[in-house]
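We use all heavy atoms of the structure for the numbers below, so side chains are in, but hydrogens, waters and symmetry mates are not. Chain A is the first sequence line, chain B the second, and so forth, proteins listed ahead of strands; every chain is numbered from 1.
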Amino acid sequence: MNLSKSYNSKTVEDRIYRFWLKSGFFNPDNLPKKNKKSYTIVLPPPNVTGELHMGHALNALIQDVLIRQKRMNGYLTLWLPGTDHAGIATQVKVEKELKKQGLTRYDLGRKDFIKMVWQWKKKYGNIILKQLKKLGLSCDWSRIRFTMDKNYSRAVKQAFSHYYKKGWIYKGKRVVNWCPRCQTSLSDLEIEYKEEKGKLYYIKYPLKIINKKQRTIDNEQGTRDKEQRTMGSEQGTRDKEQRTMGSEQGTRDKEQRTMGSEQGTRNKEQRTMGNKFIVVATTRPETMFGDTAVAVNPKDEKYKNLIGEKAVLPLTKREIPIISDILIDKTFGTGAVKITPSHDLKDCDIGSRHNLKSIQVIDEKGKMFNCPSPYQGIKTLEARQKVIESLEKISLLEKIEDYNHEIPKCERCGKTIELIPSEQWFLKMKELAQIAKISVKKGKIKFHPKKFEKSYFDWLGGIKDWCISRQIWWGHQLPIWECQKEKQQSQNLKEKYFVSLEKPKKCSICGKCRPKQVNDVLDTWFSSALWPFASLGWPRKTKDLKKFYPTNVLSTGRDIINLWVARMIFSGLEFTEKIPFKDVYVHATVLNKEGKRMSKSLGTGVDPMDLIEKYGADATRFGIAYQIMGGQDIKFIENNIIMGKKFCNKLWNASRFVLQQTSSSKRKAPHLRRYEKRYKQEILKTEFKTKNLTKADKKILTSLEITTKSVNKDLENFLFGKAAHTLYDFFWHNFCDVYIEESKKQNKETTEKILLYVLLTSLKLLHPFIPFITEEIYQKLPLKKEKSIIIENWPI
RNA sequence: GGACGAUUAGCUCAGCUGGUUAGAGCGCAUCGCUUACAUCGAUGAGGCCGCAGGUUCGAAUCCUGCAUCGUCCACCA
């Protein structure tokens, strides 16, 4: 057996991978008959737009370790791969391509645009899969799925229809996160907050000047005047205590109290204006055209007397009420807040409680409307500037403070999110959340580490109905059809819309018109939520579904526990009446050396492909696995990959030594398997005992036994790093440093067998971590062997 | 703001339910090409185990507080 002096991954990996693909063992249908009990993992489908990053590599590695170990352990293993159509992400990508040609999707039209996305997918969609193959993953590529496959699409429609018939889907006008660039609503989970330097503008809203003539209830007012006077004196005292807020109270004193020199210069002007204001603090002055109230905290003494009064909206002179609501924080800004139900979630909440009107002033392109002409049709940021200038001119701008706050951004394109009211489709979550909770509470589904169950429960506990519609083109169009009959203005959904899985021949409402499918597509996560069973054929009752569902383990990052895992759980329970998986393994986040999340945009990422190119896939895998300790996040350093490379080389050379020793006794080699069997059964007590084992012999065999047990236990508990450490230590320090050295002195027949035996067992134990090199060496062992180490029996 | 976690050698991390001189890899220093491996071997230097209290015969390990860093979640104008 001639092995090169050092291990060269480049001459091995691609060849071995082709060998595996040819062997067919990734496909459970080709596994030996002894493999009966199923063990399934569905690969979290990466976005078709995606490129492999360290998170993918880590997650894929974990699943490959599990699958390879179980496959050797006699399970009928299926690891099902696939990709996600990733609605917004993909659409944005293709739109960028279009932009290079100076076109937008509207130039193409929906049909052609979608065609183009499919072409794009055909061309680039498999990049990430090719990268995964480079890592050596043992997925069953014959069962690959895409979330927009014909059958998968059918499953999505079926699921939608199911909910619709249950009455859990409804249409509603809600303030939603809206991306003006992508022209779609986004879920809370699709936005990212980015801290930006902003300003907090303090704006004076004049109070409505009440003439005595206008008063109808004199007595009431009289009382108020008194109160105001009392307030005034109180206020005077407070002024001494250096108040910074509530200037409107100050206006009731004889003089306007000032908050700073800037303020003082304007006193004159203010007096001429009537001297009565309520000051609100806002980061978004341009939304004031949509204000329908000013709110204060009911317990706020400063404003107690103003509740129920009216303020006049500057620039439009519209009157709005001053209301009280407990949601208002007395200590923020002035303690008085402008309420814009159309463009703020909290305001929307408050608005609905107080029956306020909702006036939309920002349109779907992020431009102003419903407002005076100077501001009409311009973008919000420009409008902000103009509004400020105008307010300044009429002295209604009290001051501007620097204020850093979190601005919501579209996760896909990075543009600032607008909150606008919009017609959307919702899925009721109450009951689904309930069943999702129960299966985890009862322990049918377990999280590893367990601590992640808390965030799961927290999310389900405070869940809101799921906005499932998106206004993009790439995705699963809602299987809802609208009756086109004129004057079909009914508020009742069922009189206006109907569900149909196919294009309906006639309208099932009026029976006459040609119904039109609604334009919206479903949130990508709606289809992802069906992944564990739709990928196996649901709703058809396929053999695969019967054999491989429920799946065993779902491995994922913590950021999508709620976004995805929770939704798979309730979807699985709702549609299959079974849990979709038994264990949820939440893997570590890969951080860079500084302890920050790896990010492509920041250039802090490491490309796993570079590592594979540089050190080989096995080294990369081992180096990563070596760092998976507990639930701890991984600060990635390349040193560990170098360690992996060195380890591979060590393994290679130790094997070279063993092969050199045993090649002379080739004739005896086939009997080794007998040794192995007996060893397992009687453990050192018979065969090796009768052979008069040396101290070193006994020691290495015992050590191997302990290592095997330890690795089994660790893998059972998802402790991948610990298993890797154990194997490393055993192989290098016990086997190489000690036993191989001793064996040189012993030079006996038994020694050779033990060498081979320990090597073979080590290769098996290491195979899930470093599959290429272990296969390569295995193929060279002078033994009666299986066709591939992939289907060797796992050491127990 | 909430939840969770981290803080141990220059770097990345082990150290289980508290018990003798705190470990590994990388890096560093010195020596060694001994017929598997210089991607190696041997030896060595290097740690008030974040800070301050407490429990205990005894704490890196348990408790409390503080500090710093981080991840995720969150509609604070």
Under 4.0 angstrom between A:K635 side-chain N/O and B:rC11 OP1 or OP2: no
Residues A:D633, A:R558: salt bridge by 4.0 Å N-O rule: yes
Hey, does the side chain of A:R558 come within less than 4.0 Å of B:rC73's phosphate (OP1/OP2), counting only N and O? no
Would you indicate, yes or no, if B:rA74 has its OP1 or OP2 atom less than 4.0 angstrom from a side-chain nitrogen or oxygen of A:K464? no
Only Watson-Crick and G-U wobble pairs with both distances less than 3.5 Å should count. Give RNA chain B in dot-bracket notation, marking inter-strand partners with |. (((((((..((((.....[...)))).(((((.......))))).....(((((..]....))))))))))))....
What are the atom names and distances for every N/O pair under 3.5 Å that joins the protein to nucleotides 21-26 of chain B?
{"unit_1": "B:rC26", "atom_1": "O2'", "unit_2": "A:N639", "atom_2": "OD1", "d": "3.1"}
{"unit_1": "B:rC26", "atom_1": "O2'", "unit_2": "A:N639", "atom_2": "ND2", "d": "3.2"}

CZ of A:F457 versus P of B:rC4: gap in Å, rounded? 15 Å
In whole angstrom, what separates A:E594's CD from B:rU7's C1'? 17 Å
Determine whether any donor atom in the side chain of A:Q627 lies under 3.5 Å from an acceptor atom in the base of B:rA14, or the reverse, and answer yes or no. no
Between B:rA14, B:rC72, B:rA36, which nucleotide gets closest to the side-chain atoms of A:M629? B:rA14
Taking only side-chain N and O atoms of A:K650, does any of them lie within less than 4.0 angstrom of OP1 or OP2 on B:rC40? no
Answer yes or no: side-chain N or O of A:K5 and base N or O of B:rC37 forming a donor-acceptor pair under 3.5 Å. no
From the options B:rG41, B:rC72, B:rG5, select the nucleotide whose nearest atom is closest to the side chain of A:K451. B:rG5
